[in-house]
Amino acid sequence: MEIPFTLEQLQILKAITSEGSFRKAAVSLFLSQPAVSLQIRNLEKHIDIVIFERNKKKVILTDGGILLLKYANRILALCEEAYRALKSLKTLQSGSLIIGASQTIGTYLMPRIIGLFKQRYPNVSIQLQVHSTRKICWAVSNGLVDIAIVGGEIPFELVSILKITPYAEDELALVMAPTHPFVLFKTIKKEDLYKLRFITLNNESTIRRVIEKTLNNSGIDVNRLKIEMELNSVEAIKNAVQSGLGVSFISISAIVKEVEFDLLHIAKVENILIKRVLSVIINPNKYQSKVSESFCDDVLKLFLSLSELQASE
């Protein structure tokens with residue numbers, strides 16, 4: 001079967017749609033604008049489908065163009081994967097790795113874990129993508145991310161597709177400002193949680209769902225808790241708690257420095273321990289480079305090394 005388009009034409013198609021114009025696409029690809037226009041005309045001629053609506057003001061894809069772009073993205077992603085796989089065959093001392101992580105893990109754990117990995121393999125190029133657990137899982141399933149570490153619920157529709165390996169637990173502690181009156185108590189009774197003002201992540205947060213599920217299982221009616229504020233980032237919550245606006249359950253990995261410098265106080269709650277499982281996820285149907293395999297094999301060791309470092313600080 002004769003293929004009616006070239007990789008270069010697919011690259012040009014992708015560049016035009018991402019840049020928003022033929023001129024900008026030509027600049028990004030180091031081509032002349034007439035050369036870009038000629039390639040698109042030849043492409044449309046060979047597939048016998050109009051890809052772009054002719055509009056001088058903006059680039060508009062036809063239905064056929066949208067369909068072709070979808071496949072172009074997949075084809076070019078596979079080409080990049082093949083190139084990286086071939087490079088990784090040479091030696092583990094070189095190569096590249098795209099790592100994904102959910103928000104809290106990506107912000108507080110991954111930079112240090114990647115730092116430890118880079119000490120062993122300094123010539124490996126690493127790109128870190130931080131998004132919600134759901135987005136990262138879909139990126140892994142679509143081959144856009146090599147390996148990911150997440151702490152939230154894996155989307156149900158991807159559980160049977162991805163290889164999910166639990167490797168550690170992350171504790172979520174109740175934190176408050178050092179000036180909070182409850183700091184005087186060695187242990188807070190469960191019933192006292194109803195007296196506190198809470199600052200939480202929004203309802204869509206997987207961390208919040210883990211917290212509420214654990215509290216419910218421990219006999220706490222989460223609907224009775226006083227939610228003072230809902231914020232969209234852990235950093236914003238930490239700042240609000242430090243300012244005395246309320247208390248919050250936050251991952252211990254996210255408050256190491258604040259606790260060390262006495263900016264936040266960890267309070268123990270009677271008979272309640274909130275933990276979530278951290279998992280490594282890969283797409284078993286996607287080629288795993290030596291770099292990816294090594295990172296996957298070493299991630300638990302790296303996490304334990306990081307835990308030891310934090311304990312000694």
Side-chain angles (χ1 to χ4, degrees), residues 100-110 129-140 148-159 164 166-177 180 182 188-256 258-259 263-281:
S102 50
Q103 297 287 354
T104 302
I105 297 170
T107 302
Y108 302 103
L109 280 178
M110 289 311 301
Q129 297 186 10
V130 181
H131 294 291
S132 67
T133 294
R134 185 172 184 83
K135 285 185 179 180
I136 287 298
C137 288
W138 277 105
V140 173
I149 300 178
V150 297
E153 270 186 54
I154 310 296
F156 176 77
E157 59 269 34
L158 296 180
V159 170
I164 305 164
Y167 79 97
E169 289 184 328
D170 181 33
E171 184 178 348
L172 297 155
L174 181 66
V175 296
M176 55 187 63
H180 196 285
F182 274 65
I188 296 176
K189 294 182 179 180
K190 290 196 296 185
E191 294 74 18
D192 287 334
L193 292 178
Y194 298 123
K195 301 175 184 177
L196 299 172
R197 295 176 299 162
F198 281 88
I199 301 171
T200 71
L201 289 167
N202 57 47
N203 281 319
E204 297 177 359
S205 166
T206 55
I207 294 180
R208 179 166 173 177
R209 288 200 288 271
V210 169
I211 293 168
E212 291 183 346
K213 182 178 179 180
T214 303
L215 292 177
N216 274 323
N217 291 339
S218 300
I220 298 296
D221 182 359
V222 294
N223 294 318
R224 289 179 56 196
L225 297 178
K226 299 173 183 176
I227 307 300
E228 187 76 11
M229 212 179 296
E230 290 186 354
L231 301 174
N232 62 0
S233 78
V234 175
E235 281 299 306
I237 289 176
K238 288 197 295 184
N239 289 331
V241 173
Q242 288 179 44
S243 300
L245 298 178
V247 304
S248 185
F249 284 102
I250 301 177
S251 168
I252 287 181
S253 62
I255 54 172
V256 173
E258 287 79 5
V259 172
L263 298 173
L264 288 174
H265 172 79
I266 294 178
K268 292 184 178 181
V269 183
E270 180 185 47
N271 298 325
I272 291 180
L273 184 61
I274 301 178
K275 289 185 177 182
R276 60 175 182 157
V277 176
L278 305 184
S279 300
V280 178
I281 60 172

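- Proximity of Leu196 to Lys226: side-chain heavy atoms (C-beta onward) are nowhere separated by under 4.5 Å.
- Scanning all heavy atoms of the two residues, the minimum distance from Val140 to Ala148 falls at CG2-CB, 3.7 Å.
- Contact check on Arg276 versus Glu153 returns no salt bridge, with no Lys/Arg side-chain nitrogen under 4.0 Å from an Asp/Glu carboxylate oxygen.
- Nearest heavy atom pair, residue Leu201 against residue Val234, reads CD2-N, 4.2 Å.
- Pairs of residues two or more places apart, or lying in two chains, that qualify as side-chain hydrogen bond (donor to acceptor under 3.5 Å, both in side chains) and include a residue from residues 232-246 are Tyr108-Glu235, Glu235-Lys238, Lys238-Glu258.
- Atom OG of residue Ser248 and atom CE of residue Met229 lie 11.0 Å apart, to the nearest 0.5 angstrom.
- Judged by distance alone, with hydrogens and angles left aside, the side-chain atoms of Lys190 form a donor-acceptor pair with the main-chain N or O of Ser218 at under 3.5 Å.
- Two residues are said to be in side-chain contact when any heavy atoms from C-beta on lie closer than 4.5 Å; Ile255 and Ile266 meet this criterion.
- Side chains of Ile220 and Ile272 form a contact here, defined as non-hydrogen atoms less than 4.5 Å apart.
- Within the model, atoms CD of Glu191 and CZ of Arg224 stand 9.0 Å from one another, a figure rounded to the nearest 0.5 Å.
- Between Arg208 and Asn203, the side chains place a donor N or O and an acceptor N or O closer than 3.5 Å (distance only, hydrogens not considered).
- When all heavy atoms of Pro166 and Val277 are compared, the closest pair comes out as CB-CG1, 3.6 Å.
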Go through Ile237 and Phe249 one step at a time and tell me if the side chain to side chain contact (heavy atoms under 4.5 Å, CB included) criterion holds.
-> CA-CA 10 Å; Ile237 289 176; Phe249 284 102; over 6 Å; no

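- Ionic pairing of Asp192 and Lys189 is not present here: no N-O contact between side-chain nitrogen and carboxylate oxygen is shorter than 4.0 angstrom.
- Among all heavy-atom pairs drawn from Ser102 and Ile136, the shortest one is N-CG1, 4.5 Å.
- One distance of note links CD1 of Ile207 with CG of Leu172; it measures 6.5 Å at 0.5 Å rounding.
- At least one side-chain heavy atom of Leu193 sits under 4.5 Å from a side-chain heavy atom of Leu215.
- Between Leu245 and Arg197, the closest side-chain pair of non-hydrogen atoms is not below 4.5 Å.
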Run the side chain to side chain contact (heavy atoms under 4.5 Å, CB included) check on Met176 and Ile188 step by step: do they pass?
-> CA-CA 12 Å; Met176 55 187 63; Ile188 296 176; 3.8 Å; yes

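- With rounding to the nearest 0.5 Å, the separation of CD1 in Ile211 from CG in Asn216 is 12.0 Å.
- Considering CG of Leu278 and CG of Asp170, their distance stands at 5.0 Å, rounded to 0.5 Å.
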Passes salt bridge (Lys or Arg N to Asp or Glu O under 4.0 Å), Arg134 versus Glu157? Steps please.
-> CA-CA 11 Å; Arg134 185 172 184 83; Glu157 59 269 34; 2.8 Å; yes

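- At a threshold of 4.5 Å between non-hydrogen side-chain atoms, the residues Tyr167 and Ile149 count as touching.
- In this structure, Ile274 CD1 and Glu212 CD are separated by 10.0 Å, a value rounded to the nearest 0.5 Å.
- When all heavy atoms of Ala240 and Leu231 are compared, the closest pair comes out as CB-CD1, 4.2 Å.
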